[in-house]
There are 2 protein chains.
Amino acid sequence: MSKIADVGRVVPSKRTPDQADVDLLVREIIGRVADKWTMLTLEVLDEHGRLRFTQIGRLIGGISQKMLTQTLREMERDGLLQRTVFPVVPPRVEYELTPSGKSLCAAFCEVWHWAERNHEAVAHARAAFESLAAGSTAEVAR
Amino acid sequence: MSKIADVGRVVPSKRTPDQADVDLLVREIIGRVADKWTMLTLEVLDEHGRLRFTQIGRLIGGISQKMLTQTLREMERDGLLQRTVFPVVPPRVEYELTPSGKSLCAAFCEVWHWAERNHEAVAHARAAFESLAAGSTAEVAR
DNA sequence: CCGGATCCCCTGAGATACTG
DNA sequence: CAGTATCTCAGGGGATCCGG
């Protein structure tokens with residue numbers, strides 16, 4: 001948790017107290033949100049709107065039910081999506097992004113566009129890195 | 001690792017090959033890039049410019065050397081940063097973002113701003129979720 | 001039958017110690 | 001100082017079972 005307590009009297013004059021706390025919280029949120037499955041789930045739900053459990057899993061692809069359940073639970077807990085249970089005979093559970101979730105997806109959309117623009121560069125960089133691996137590991141400054 | 005790559009045998013004739021491949025590659029890049037440590041490393045390097053190994057670790061905070069090494073290697077491999085080795089007596093290795101890495105950071109910057117704007121809402125949603133946990137697990141539709 | 005909880009196994013992250 | 005090697009253990013994936 002916060003090691004802020006052991007700074008003692010470091011603050012000489014005017015430090016905003018919430019500034020540090022906000023920073024930590026933002027760090028923690030980034031750590032939780034910058035997750036592979038969360039981002040993919042966000043994308044799928046943003047693109048298709050309301051979806052059922054298995055639909056999400058199929059659209060994401062390669063996710064286990066366990067991780068899907070866990071990811072959806074955390075996202076629901078963080079207010080990113082709304083979980084709706086229909087009490088019908090074949091169980092029907094639908095997930096839909098909340099405004100908060102949609103805004104996060106919009107923010108992450110930039111990263112998505114980056115990936116679209118740069119996938120070639122990344123593939124090329126990887127190829128170059130592999131071939132360089134045999135030679136020098138990295139650039140060496142004189 | 002990536003189960004995305006196991007396309008098996010693709011149909012060579014009919015479908016547009018690059019469209020699907022691009023989609024898979026983008027997916028894979030998102031999966032690799034949407035990583036906690038990658039994002040934090042990106043942020044630190046973008047803010048401070050050139051940094052040495054231990055400096056990065058200290059600025060990120062709470063990362064093991066193993067994960068730092070691994071993260072830096074992958075980012076170097078993907079062309080996000082440049083690794084420079086100075087052959088001096090105390091080893092000196094400096095890391096610096098490439099233009100590609102900087103553009104990714106700029107894209108992810110939106111997510112960072114989202115976290116700043118929404119950390120209160122997230123905290124509130126969590127509190128609400130906890131108190132609702134005792135009652136009904138989720139909203140039940142008609 | 002769908003959603004998801006549970007069990008088991010194995011990868012992969014964290015901490016520590018050691019080397020160039 | 002910048003890693004690598006090794007150990008340990010939590011966390012993720014796969015299969016199976018259960019409740020509605």
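Residue numbers start from 1 in every chain, and the chains themselves are labelled A, B, ... in the order their sequence lines are given, proteins ahead of strands.
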Notebook entry, point to check: Within less than 4.0 Å of OP1 or OP2 of D:dG11, is there a side-chain N or O belonging to A:Trp37?
Noted result: no
Note to self: Can you tell me how far apart OG1 (B:Thr38) and CG (B:Leu80) are? Round to the nearest 0.5 Å.
What the structure shows: 8.0 Å
Check: Of the candidate nucleotides D:dT4, C:dG3, D:dA2, which contains the atom at the shortest distance from the side chain of B:Val93?
Finding: D:dA2
Notebook entry, point to check: Hey, does the side chain of A:Thr54 come within less than 4.0 Å of C:dG3's phosphate (OP1/OP2), counting only N and O?
Noted result: yes
Checklist line | Over all atoms of both residues, closest heavy-atom pair of A:Ala34 and B:Phe108 | finding: CB-CZ, 4.3 Å
Notebook entry, point to check: Which pair of non-hydrogen atoms, one from A:Val33 and one from A:Met39, has the smallest distance, and what is that distance?
Noted result: O-CE, 2.9 Å
Checklist line | Atom-to-atom span, CD of B:Gln70 to P of D:dG3 - whole angstrom | finding: 14 Å
Notebook entry, point to check: Can you tell me if the side-chain N/O atoms of A:Ser64 get under 4.0 Å from OP1 or OP2 in D:dG14?
Noted result: no
Check: When you match A:Ile63 and B:Glu94 each to their closest nucleotide on DNA chain D, which lands nearer the 5' end?
Finding: B:Glu94
Item checked: d(CG, A:Leu51; P, C:dG3) in whole Å -> 11 Å
Next item on the list: Find the distance B:Gln55:CD to D:dG3:C1' and express it as a whole number of Å.
Entry: 16 Å
Check: Would one find a side-chain N or O of A:Arg58 under 4.0 angstrom from OP1 or OP2 of C:dC2?
Finding: no
Margin query: What is the separation between atom CD on B:Glu74 and atom C1' on D:dG3, rounded to the nearest whole Å?
Written below: 17 Å
Note to self: Taking side chain to side chain donor-acceptor pair (under 3.5 Å) as the definition, give me every residue that meets it alongside B:Glu110, ordered by chain and number, with sequence neighbours left out.
What the structure shows: none
Check: Any idea which of D:dG3, C:dG4, C:dC2 is nearest the A:Arg52 side chain?
Finding: C:dC2
Note to self: Just N and O in the side chain of B:Arg92: are any of them under 4.0 Å from OP1 or OP2 of D:dA2?
What the structure shows: no
Next item on the list: For B:Arg50 and D:dA2, give me the distance from atom CZ to atom P, rounded to whole Å.
Entry: 13 Å
Next item on the list: To the nearest 0.5 Å, tell me how far A:Tyr95 OH sits from A:Leu45 CG.
Entry: 10.0 Å
Check: What closest approach, in Å, do A:Gly79 and A:Ser100 show between heavy atoms, and which atom pair accounts for it?
Finding: O-CB, 3.6 Å
Notebook entry, point to check: Does the side chain of B:Tyr95 get closer than 4.0 angstrom to OP1 or OP2 of D:dC1 through an N or O atom?
Noted result: no
Margin query: Over the length of the helix from C:dC1-D:dG20 to C:dG20-D:dC1, how much do the five-pair end axes diverge, rounded to 10 degrees?
Written below: 30°
Next item on the list: Could you run through nucleotides 15-20 of chain D and give me one letter per nucleotide, 5' to 3': B if any protein heavy atom sits under 4.0 Å from the base, S if only the sugar-phosphate is that close, - if neither?
Entry: -B--BB
Margin query: Show the nearest heavy-atom pair for residues B:Ala107 and A:Trp114, with the distance to one decimal.
Written below: CB-CB, 4.1 Å
Checklist line | B:Arg83 side-chain N/O to D:dG3 phosphate OP1/OP2 under 4.0 Å | finding: yes
Notebook entry, point to check: Pick from A:Gln82, A:Glu96, A:Gln55: which one makes a side-chain hydrogen bond (donor to acceptor under 3.5 Å, both in side chains) with A:Arg50?
Noted result: A:Glu96
Note to self: What is the distance, to the nearest angstrom, from the CG atom on A:Asp35 to the P atom on D:dG13?
What the structure shows: 10 Å
Next item on the list: Starting from C1' on C:dA15, measure out to CG on B:Leu68 and report it in whole angstrom.
Entry: 15 Å
Check: Any salt bridge between B:Arg126 and A:Asp78, counting N to O under 4.0 Å?
Finding: yes
Next item on the list: State whether B:Arg77 and A:Glu130 are salt-bridged, where the test is any N-O pair (Lys NZ or Arg NE/NH1/NH2 against Asp/Glu carboxylate O) under 4.0 Å.
Entry: yes
Margin query: In whole Å, I'd like the distance from the CE atom of B:Met67 to the P atom of D:dG3.
Written below: 15 Å
